2 protein chains.
Amino acid sequence: MTTPLKEYTHEYFLTAAQCNAQKELSPQMLVQNIIEVATEHANMLGIGFTRLSAERNIWVLSRLTYELKRYPAMHNHYSLTTWVEDFNRHFSNRCFEIRVNGNETIGYVRTLWAAINIDTRKAADLTSLSDITNFINDKLCPIARQSRIKPDGNHTVTTDYTFQVCDIDCNRHVNSGRYVELIVNQNDLDVYDNRMISRFEIAFHHEARFGDKVDVRSEKSDDTMIIEIAKGTEPICMSRLFLSNR
Amino acid sequence: MTTPLKEYTHEYFLTAAQCNAQKELSPQMLVQNIIEVATEHANMLGIGFTRLSAERNIWVLSRLTYELKRYPAMHNHYSLTTWVEDFNRHFSNRCFEIRVNGNETIGYVRTLWAAINIDTRKAADLTSLSDITNFINDKLCPIARQSRIKPDGNHTVTTDYTFQVCDIDCNRHVNSGRYVELIVNQNDLDVYDNRMISRFEIAFHHEARFGDKVDVRSEKSDDTMIIEIAKGTEPICMSRLFLSNR
């Protein structure tokens, strides 16, 4: 019997076509990569889609936080290494280390996953997955946990957006990458030419669907932004960005 | 001395997170994959980014056409095999075969590439790349070439869109995948639940940039749509879709 891998690494190469305007990995592609690598590792450990779907549950990403000292650049080889940090019957914590060009660590990621039942859309009890505790890895993830993101209501910009076909994922909800795009799009291009998102936080509250019209509200201070995506009074997701000079 | 590969295959696995609402590979991700595989093969043959940038030229995708009998589905292994079909001093034709689960061919792609000079934005003369002719492969690509896409002006739907940060690529133009999204978004979700894009054609005319506001105009008939993305009177790209029942 082979030991399940307590740590899993996916190697990437950043092609020119994948780069954003700053010739770097974009925040939305990084988030998509994080979800991909989490899915792959969960499948390898036997705690993925197939196992959960037997009880008609699916994993849902609840919170994600990353910190980077720089983004992978065009033609960089980069990798995401993931491990399970903690688990209880409500949540699983999964962390990631991001490296470029072999072994230089450029950042870390914290994610919090819950499961919901496909039929009831309610939170699922994860007790039956308690063998996940066997895979817990005590590797260090040296970035702060996400604290509650609370807009103060003094947003300076509000834009609206109606979710369309290409925004919808296989669960008929808006895909996480699209929320990240709406958040990143709250700044103009020249902001990102001069500054980078050095810490990115997002918390998912409710699911949006095809045709839902949302407001995107930004509160900006010197180096921090709080962005709320809301459908009327219902929060869909909240984000906090920290911008640092390049 | 090793012989350059006249044919190159990239294998993919379609994760749940990558699927669209129909639990399939989306047209926009397929187009991104096509560009990725073209780039990889060009680099392998020594006719990629590095070679062209020596003369301050870059490859630009001019036309793309694909036909599929079905799309790769969730958890399918699929592959894109590419080869150079033809070359002259203005254009290079590159084709692709798409397979799922080993060897079942589900479709083909035709692409037409030009090169432009980064400084002048004018078409580059490709004569100095004539060694590409050594890599021409006579493998068959059994789908029709793209004919001219000409809207008749009787569009039934017009939406507008302003290009934002996440739409911009490393050349500071709108990325091709975003155009495909705008085109696909011209139908509602239930259209794609019942029908699929069995043939997709796109022709790129002018480059759009950050902040450009465009109109997206659709002309629909029973099983064909012509979609024009235009900035005022200047066409940015034209597309023709053929829809077939699932």
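This structure is a prediction, so every number in the text was calculated from the model and none was measured. In what follows, chains are A, B, ... by sequence order, proteins preceding strands, each numbered from 1.
For M29(B), no part sits under 4.5 Å from any heavy atom of chain A, backbone or side chain. Heavy atoms of D190(A) lying under 4.5 Å from chain B are absent altogether. No part of Q186(A) comes within reach of chain B, as not one of its non-hydrogen atoms sits under 4.5 angstrom from that chain. Residue R178(A) touches chain B through its side chain alone, counting heavy-atom pairs closer than 4.5 Å. Interface residue E181(B): backbone and side-chain heavy atoms are both found under 4.5 Å from chain A. In this structure, the portions of D188(A) lying under 4.5 Å from any heavy atom of chain B include both its backbone and its side chain. Within the 4.5 angstrom heavy-atom criterion, atoms from both the backbone and the side chain of L189(A) approach chain B.
Per-residue counts of heavy-atom pairs under 4.5 Å with chain B were compared for G211(A), C19(A), S176(A); the largest is that of C19(A). Per-residue counts of heavy-atom pairs under 4.5 Å with chain B were compared for D169(A), V180(A), T15(A); the largest is that of D169(A).
With respect to the salt-bridge test (charged N to carboxylate O, under 4.0 angstrom), the residues D193(B) and R172(A) qualify.
The neighbour count for K220(B) NZ, taken as heavy atoms of other residues, nucleotides or ligands under 6.0 Å away, is above 12.
With hydrogens and angles ignored, the 3.5 Å screen pairs a side-chain donor or acceptor of N185(A) with a backbone N or O of V165(B).
Considering all non-hydrogen atoms of both residues, C170(B) and A16(A) come closest at SG-O, 3.4 Å.
Between I35(B) atom CD1 and Q18(A) atom CD the span is 10.5 Å, to the nearest 0.5 Å. Between the NE2 atom of H75(A) and the CG atom of N43(B) there is a distance of 6.0 Å, given to the nearest 0.5 Å.
Listed by chain and number, the residues in a salt bridge (Lys or Arg N to Asp or Glu O under 4.0 Å) with R63(A) amount to none (sequence neighbours excluded).
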